[in-house]
Amino acid sequence: MGQSVLTQAFARRDGVAYCEDVPAERIAREAGTPAFVYSASVIRDRFKKLSGALQGVPHRIHYSLKANSNRAILDLLRELGSGVDVVSGGELFRARRAGFGAKDIIFGGVGKTAKELREAVQAGIKLINVESEAELQLLDRIAGEVGAVAPVGFRINPEVAVETKHEYIATGSKGHKFGIPYEDAPAVIATALRLKHVAVLGLDMHVGSQLFTFEPYRDGLDKLGDLASRVRAMGATLEYVDIGGGLPVAYGDGDADPDLGAWHDVIVPSVKKLGVELLVEPGRFFAAASGVLLARVLYRKRSGGKDYVIADAGMTELLRPSHYDAYHFIEPAVARDERATVDVVGPVCESGDFLALEREMEDARPGDLLVIHTAGAYGYVMSSTYNSRPRAAEVMVDGHRFAVVTARERYEDLVRLEQDDPDWRDA
Ligand code: LLP
């Protein structure tokens, strides 16, 4: 894997894996495995780089909480000046708890409930991106009841061609469930302009995730630009254009980190022409390379001519390989000369429980610590307790210091919500 400055935080030193300046083995011994470890310096570095790339136009970065909603990461990003993008009442709760002010928060999502919309309106957040006329009408009613005017952006499906590694992470092409179909947008916005309790403030798109070409941004922005002129002609005062997330990250199988200069050139001039504040919602870009998953090798076994490395982490901790066929670079924490082609699998009772298939890698033996790279985004947040496996610990590292920031779940946590003596028997 390329030793870019961004992966340097988890590079080996003299053949031994480190998390910033702390040996990975030391963290694993203190926190146990499986554990996610996040690097504060990677997040700081990436925030600085992205802010730099957006110079030249008024903008605000709204970190997309869904990628990793760990409190320590939220605290760090808040201190750096980030806002947040939330997609549920639960994320809104986490954002407020982490100290984000109402005006630091924008709210998106295709299926917001009345309760969630009410919470957002009551909190007085910066922008609610609505995705249908029905949602708009509901929001207007709720804002009326609350006695407020809801700040509205319209998530438009710009219906552009989007190439992503996996179809599940493309969102902005014709027929996707997200956003208002492009041709319907003027009518929906015209309706909004007649409603009393909504203010039309922005246009929004999110065309996909892990976008390794920037054409979808360019094509999408062109379309939002055309729409902006039409909407302004109808009398709307647009303040924001939100281009969503989607910046790609190098996972080590040939992807490159994005050329932020080229991205700037696609985004900034056209947003400048629109004369609005640019909002961006990156998730993966900040979180993915900031994190690794540490797992212990439990067993090695040969079956049907295949070599299996059985680890104490699998699809319950990191669903991406199994759900998206995603590649995560894996290496033992202590370098080995021998190489082997193996399936790295977890303990879950599913054949789909794997971290890597037919992977040619440094051989790993029982007792070895494995470092599973680029696991900071869509890792812990997508984890489950299937097979009654308590959730992993989360650790934050900053230079020579580290701390467990989310404790490993205990067995008691698995049953915490079960009622002692519920009265359900028909007798
Ligand atoms: N804004 C909206 C409206 C989104 O739907 C998303 C991601 C983002 C921002 C942040 O996108 P990012 O910058 O992270 O690409 N679980 C999948 C990724 C799903 C992305 C969902 N939406 C994965 O592990 O690859």
Side-chain angles (χ1 to χ4, degrees), residues 36 43 46-47 50 53 60-69 73 77 82-88 91 95 105-112 127-131 153-158 162-173 176-180 202-214 216-217 220 224 240-251 253 255 257-258 260 263 267 278-291 293 315 317-328 355 372 374-384:
F36 285 90
I43 292 175
R46 291 194 155 229
F47 192 84
L50 197 66
R60 184 92 200 268
I61 295 172
H62 286 268
Y63 168 65
S64 198
L65 226 75
K66 65 172 83 67
N68 185 326
S69 51
I73 288 182
L77 282 162
S82 185
V84 285
D85 154 49
V86 303
V87 291
S88 67
E91 286 192 350
I105 302 173
I106 60 181
F107 188 9
V110 71
K112 304 180 204 76
L127 196 65
I128 301 172
N129 283 323
V130 307
E131 300 214 12
F154 291 90
R155 169 134 179 216
I156 308 298
N157 181 349
V162 184
E163 244 185 275
T164 56
K165 282 246 153 131
H166 197 280
E167 58 175 317
Y168 289 180
I169 55 177
T171 47
S173 302
H176 278 135
K177 75 172 176 180
F178 300 101
I180 299 168
L203 298 179
D204 166 47
M205 66 177 189
H206 168 80
V207 286
S209 199
Q210 188 69 358
L211 297 171
F212 45 88
T213 69
F214 295 148
Y217 284 111
L224 289 196
Y240 311 114
V241 161
D242 179 348
I243 60 166
L247 281 170
V249 161
Y251 280 90
D253 63 343
D255 301 338
D257 268 325
L260 291 179
W263 188 67
I267 308 292
L278 167 66
L279 309 181
V280 292
E281 307 171 352
R284 188 192 313 270
F285 180 77
F286 290 137
S290 82
L293 171 61
M315 67 189 293
E317 286 68 35
L318 187 63
L319 185 60
R320 303 192 71 257
S322 148
H323 195 54
Y324 309 109
D325 265 329
Y327 177 96
H328 287 265
L355 296 173
I372 299 130
T374 336
Y378 307 110
Y380 187 88
V381 288
M382 290 179 74
S383 66
S384 79

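Order of listing sets the numbers, starting from 1, for every ligand and every atom in it. Everything numeric in this text was worked out from a predicted model, so none of it was measured.
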P248: side-chain contact (heavy atoms from CB on, under 4.5 Å) partners, not counting sequence neighbours: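 side-chain contact (heavy atoms from CB on, under 4.5 Å) check on P248 returns Q210, F214, P258.
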Can you tell me how far apart CE (M205) and CZ (F178) are? Round to the nearest 0.5 Å. 15.0 Å
In this structure, CG of L203 is separated from CD1 of I180 (nearest 0.5 Å) by 9.5 Å
Donor-acceptor contact below 3.5 Å, side chain E91 vs main chain K66: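 Flag set: sc E91 to bb K66 pair under 3.5 Å.
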Electrostatic pair D85-R60, nearest N-O below 4.0 angstrom: no
Using a strict cut-off of under 4.0 Å between a residue heavy atom and any atom of ligand 1, list the qualifying protein residues by chain and number.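 Under the 4.0 Å cut-off, ligand 1 touches S64, K66, D85, R155, I169, H206, S209, G245, G246, E281, P282, G283, R284, R320, Y324, Y378, M382.
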What I'd like to find out is whether the side chain of I128 reaches to under 4.5 Å of the side chain of I106, using heavy atoms alone.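 No, every pair of side-chain atoms sits at 4.5 Å or beyond.
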